[in-house]
Amino acid sequence: MKRKSLKRLINSAKQNILHIVIGTNLAVIGTMLLLHHHYFFWPPQPEWITAIENDSVVGFIGLVTGVGLISWAFDEKKPIELNRILVSTASAYYALSGTTELMHGLFAPQGVPNMMTAGVTELALLFVTLYMAKISPTKEEDDDK
């Protein structure tokens with residue numbers, strides 16, 4: 001019995017490897033942003049913008065989306081509506097954080113190279129999530145009958 005369950009988990013992981021990779025990346029980014037409340041430092045004015053960017057909610061959204069994508073990949077039922085929400089959230093998260101990091105790297109006087117590389121990487125991962133949206137199932141199996 002345990003062997004069949006493990007085999008199903010492995011097969012599910014093979015079929016949904018992008019969900020697992022993107023989910024792991026988002027969970028790591030979200031955790032890092034939860035632990036570091038001074039990651040984003042630009043634009044300096046108005047101050048409320050950096051307060052929003054460095055808020056724990058931003059990290060929490062990344063962490064929850066990442067864990068959700070990993071969980072979805074191993075879920076036997078694989079609810080399509082949940083997949084749509086998770087992939088859309090991941091795409092928006094990468095777009096916003098990647099753009100913000102590129103702005104830090106390009107325009108902030110104290111910009112650092114890691115902001116540029118992180119921004120470029122997150123925008124590349126945005127395209128991966130858009131690809132995931134394209135190849136992900138869009139209808140319940142019952143709808144095809």
Side-chain angles (χ1 to χ4, degrees), residues 1-43 47-108 111-145:
M1 183 80 166
K2 288 182 182 181
R3 189 174 179 150
K4 281 187 177 183
S5 296
L6 181 60
K7 194 172 186 176
R8 267 187 275 164
L9 283 176
I10 291 170
N11 284 336
S12 187
K14 286 179 183 178
Q15 292 173 359
N16 301 290
I17 194 71
L18 286 178
H19 283 75
I20 295 168
V21 170
I22 294 296
T24 302
N25 180 262
L26 283 171
V28 169
I29 290 171
T31 301
M32 189 271 310
L33 291 176
L34 275 171
L35 298 175
H36 300 283
H37 294 282
H38 300 288
Y39 180 73
F40 296 108
F41 53 85
W42 186 87
E47 199 171 301
W48 61 269
I49 293 175
T50 51
I52 291 171
E53 291 172 338
N54 288 311
D55 194 278
S56 294
V57 172
V58 175
F60 185 72
I61 290 169
L63 178 61
V64 169
T65 303
V67 170
L69 283 167
I70 294 167
S71 299
W72 185 89
F74 288 108
D75 188 359
E76 288 183 23
K77 295 178 184 175
K78 298 202 185 333
I80 290 174
E81 189 61 35
L82 178 61
N83 184 48
R84 289 178 187 150
I85 292 167
L86 291 169
V87 172
S88 298
T89 303
S91 296
Y93 196 85
Y94 281 133
L96 292 172
S97 64
T99 302
T100 303
E101 286 170 333
L102 284 176
M103 286 175 39
H104 278 63
L106 291 173
F107 301 114
V112 288
N114 70 315
M115 282 289 195
M116 287 296 293
T117 56
V120 170
T121 301
E122 288 182 9
L123 290 180
L125 290 172
L126 165 65
F127 290 110
V128 173
T129 59
L130 293 175
Y131 176 72
M132 286 170 54
K134 181 180 177 184
I135 65 170
S136 288
T138 56
K139 293 183 177 182
E140 298 289 341
E141 290 178 358
D142 295 340
D143 289 349
D144 293 336
K145 293 181 181 177

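One is the number of the first residue; the rest follow in order along the sequence.
Here the straight-line distance linking atom CG of L6 with atom CD1 of I10 works out to 4.0 Å at 0.5 Å rounding. Between the OG1 atom in T24 and the CD1 atom in I29 there is a gap of 11.0 Å [rounded to 0.5 Å]. Within the model, atoms CE of M132 and CG of N16 stand 8.5 Å from one another, a figure rounded to the nearest 0.5 Å. To the nearest 0.5 Å, the span separating NZ on K78 from CD on Q15 amounts to 7.0 Å. One finds the NE2 atom of H104 at 5.0 Å from the CZ atom of F41 (value rounded to the nearest 0.5 Å). Here CG of L126 is found 8.0 Å from OG1 of T99. Values are rounded to the nearest 0.5 Å.
Legend: side-chain hydrogen bond (donor to acceptor under 3.5 Å, both in side chains) pairs involving residues 118-132, not counting sequence neighbours, sorted by first then second residue: S91-T129, S97-E122.
Here Y39 pairs with E101 under the side chain to side chain donor-acceptor pair (under 3.5 Å) rule; sequence neighbours left out. With sequence neighbours left out, I85 forms a side chain to side chain contact (heavy atoms under 4.5 Å, CB included) with E81, T89. Every residue two or more places apart in sequence or in another chain that forms a side chain to side chain donor-acceptor pair (under 3.5 Å) with N25 is listed here: Y94. Listed by chain and residue number, L34, H37 satisfy the side chain to side chain contact (heavy atoms under 4.5 Å, CB included) test with S56 (two or more places apart in sequence, or in another chain). Among residues two or more places apart in sequence or in another chain, the side chain to side chain contact (heavy atoms under 4.5 Å, CB included) test is passed with I17 by V21. In this structure, T100 has no side chain to side chain donor-acceptor pair (under 3.5 Å) partners at least two apart in sequence or on a different chain.
With hydrogens and angles disregarded, no donor-acceptor distance shorter than 3.5 Å links the side chain of H38 to the backbone of N54.
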Side chains of residues 60-74: which donor-acceptor partners sit under 3.5 Å, not counting sequence neighbours?
unit_1	atom_1	unit_2	atom_2	d
T65	OG1	I61	O	2.7
S71	OG	V67	O	2.9
W72	NE1	P79	O	3.0

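Residues M116 and L102 are in side-chain contact: their nearest non-hydrogen atoms beyond the backbone lie under 4.5 Å apart. Between R8 and S5 the shortest side-chain heavy-atom distance falls below 4.5 Å.
Residue H19 comes nearest to N83 through the heavy atom pair NE2-OD1, 2.7 Å, listed as atom of the first residue, atom of the second, then distance. Annotation for L26 and A90: closest pair CD1-CB, 3.5 Å, computed over non-hydrogen atoms.
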